[in-house]
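Comments concern the structure below.
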Amino acid sequence: MNPPLRRTALPRTRLGECPRPDAATATLSWVDLVAGRLWRADARPDADEPLGAPVLLAEFPGETGCAVRAGDGADWLVALGGAVVHWRPGTPPAAAPVVAQLEADPGPARLNDGAVDPHGRLWVGSIGHRRPLEPVARLHRLGPDGTPAVLLDGMLAANGIGWSPDGTRAYVVDTGRRLVHRLRTDPSDPTAPPRPGGPPLPVPQGLPDGLAVDHEGCLWVALWDAAAVVRLAPDGTELRRVELPCSRPTACAFVGPHLVITTAAVAGEEASGWTYTLDVGVGGPAARRAVLPAGG
C-alpha cells in the first residue's frame, strides 16, 4: 500500500512557493508569494510528520518570488518585485538594501522562482505581468560580486530551477511553453558558461511550475492546473505521478524521504493553498546557500 498524502498543519497560503530545506539549521523555508511572507519550520526527516510548527520570519512590501539562505549566518537573499534584496532578521523587511535590480520596477516582468547553483550563485527567473504571457521573461544569475548576467531570455515564464546530483546539468522550467530546459554546467569551473544540454523536455499535461531533483537524478515537477506532481527521468519519461486534492500545486522539496508540496489557493477548492507531504522513498539534497555579494 502506498503511504498516504498528508496535509500539514502549516498555514494556508495564497500562493505557496519556493520550499527550501536548509541543512545547517534543519529547517524548511517557503514564501507566500502574493502576501510577501517568508515562513520557516523545523525539518524532521525521520518523523511521520516531517515539519514542525511554522514561524513567520518576515513580511515584505510586495510580491516575493523566492527567498534563499545566504552566507554562514542568518542572512537571506530575497526576490522582491524586480530586485534581489539582502535581508537580515531583526531589520525591517521594507528597508532591506537592493543587491541587484534585475527587472525594471515598474516594468513588464517581476522576479519569480530561484535557487542556488554549486558555485553559490543565485539563479532567479522572471515572469511577465500581462496575460496572456508575453516573451519578456528571463533567467538571471547573480554573481558573488553582485554582477548580474542573463542566461536565457525570450521566455514566457521562467520558473522552477534545479541541478543534477553531480552538478553537470541544470534544469529550468518555462511554464508558459510547458518545457523544462536542460543546460550543461561545470561544477568545477565557475567561469564556464552554461551550454545547451539537449532539447527541452516537453510537459504535455498542465503547466510545469516548481521542481526538485532527487538523489537519483530524477525531476519532481509540480503541474499547475493538473492537480499532480510527476517524477520524470532525466530524458523526460514519466516514472510516477502523485495526485493532489487541489488543482494548483506550485513547487516541491525534500525533507528526508518526504516530498513537501506547496499549493495555491483557488476559489471553491477547500483543499487548496495548503502544504502537503508524502513519503516517496527517495530524498534529495538540501538547498545550497548563496554566497553573499561583496559588500553585503
Side-chain angles (χ1 to χ4, degrees), residues 17-31 33 36-43 55-103 105 110-126 138-151 158 160-163 167 170 172 185-194 210 212 251 253 284-296:
E17 278 284 6
C18 193
R20 295 289 179 264
D22 182 61
T25 58
T27 59
L28 180 90
S29 61
W30 68 100
V31 300
L33 187 153
R37 293 178 181 139
L38 171 60
W39 293 89
R40 184 192 67 202
D42 290 338
V55 176
L56 179 61
L57 295 180
E59 192 162 358
F60 293 92
E63 293 184 323
T64 304
C66 66
V68 301
R69 302 298 293 257
D72 297 325
D75 298 68
W76 297 79
L77 293 180
V78 181
L80 182 62
V84 173
V85 303
H86 175 197
W87 178 68
R88 290 188 174 101
T91 64
V98 173
V99 173
Q101 189 73 43
L102 300 182
E103 297 287 352
D105 199 2
R110 64 158 174 82
L111 296 180
N112 200 32
D113 204 354
V116 179
D117 75 8
H119 301 291
R121 299 171 297 193
L122 174 63
W123 292 32
V124 58
S126 62
R138 301 187 289 179
L139 174 66
H140 301 271
R141 186 182 67 199
L142 186 62
D145 62 353
T147 301
V150 174
L151 303 181
I161 303 167
W163 284 266
V172 182
T185 51
D186 189 339
S188 65
D189 182 2
T191 67
R288 301 178 185 90
R289 288 192 171 208
V291 175
L292 275 173

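Quick note: numbers below take in every heavy atom, side chains included, and nothing from hydrogens, waters or symmetry partners. Residue numbers run from 1 in the order of the sequence given. Remember, predicted model here, so these are calculated numbers, not experimental data.
Side chain of Arg141 to main chain of Asp117: no donor-acceptor pair is present (N/O by atom type, distance under 3.5 Å, no hydrogens or angles). Here the side chain of Arg20 pairs no donor or acceptor atom with the backbone of Ala253 at under 3.5 angstrom. Looking only at distances, no side-chain donor or acceptor of Arg88 sits under 3.5 Å from a matching main-chain atom of Asp75. A donor-acceptor pair is defined here as one N or O able to donate and one able to accept, closer than 3.5 Å; no such pair exists between the side chain of His119 and the backbone of Val291. Side chain of Thr25 to backbone of Ala23: no donor-acceptor contact under 3.5 angstrom is found. Proximity of a side-chain donor or acceptor of Asn112 to a complementary backbone N or O of Ala158 within less than 3.5 Å is detected. A donor-acceptor pair under 3.5 Å links the side-chain atoms of Thr185 to the main chain of Gly167, judged by distance alone.
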Evaluate the side chain to side chain contact (heavy atoms under 4.5 Å, CB included) criterion for residues Val84 and His140: first the C-alpha distance (whole Å), next the side-chain angles of each, then the deciding distance (0.1 Å), finally the verdict. CA-CA 11 Å; Val84 173; His140 301 271; over 6 Å; no
Would you check, one step at a time, whether the test side chain to side chain contact (heavy atoms under 4.5 Å, CB included) holds for Thr64 with Val78? CA-CA 7 Å; Thr64 304; Val78 181; 3.4 Å; yes
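A heavy-atom distance below 4.5 Å is found between the side chains of Ser29 and Trp76. With a 4.5 Å cut-off on side-chain heavy atoms, Pro93 and Val85 do not count as touching. Here the side chains of Val124 and Cys66 are in contact, with some heavy-atom distance below 4.5 Å.
Under the salt bridge (charged side-chain N to carboxylate O under 4.0 Å, His left out) criterion, Arg37 pairs with Glu59, not counting sequence neighbours. With sequence neighbours left out, Ala251 forms a side-chain contact (heavy atoms from CB on, under 4.5 Å) with Glu17, Pro19, Thr262. Residues forming a salt bridge (charged side-chain N to carboxylate O under 4.0 Å, His left out) with Arg138 (at least two apart in sequence, or on another chain): Glu103.
Interatomic distance, CZ of Arg69 versus CG of Leu77, reported as 11.0 Å (0.5 Å rounding).
In this pair, Trp87 and Phe60 present their aromatic rings perpendicular. The plane angle is above 60°, beyond the 30 to 60° band.
Here the closest non-hydrogen pair linking Gly125 and Ile161 is N-CD1, 4.3 Å.
The local environment of CG in Asp189 is crowded, with over 12 non-hydrogen atoms from other residues, nucleotides or ligands closer than 6.0 Å.
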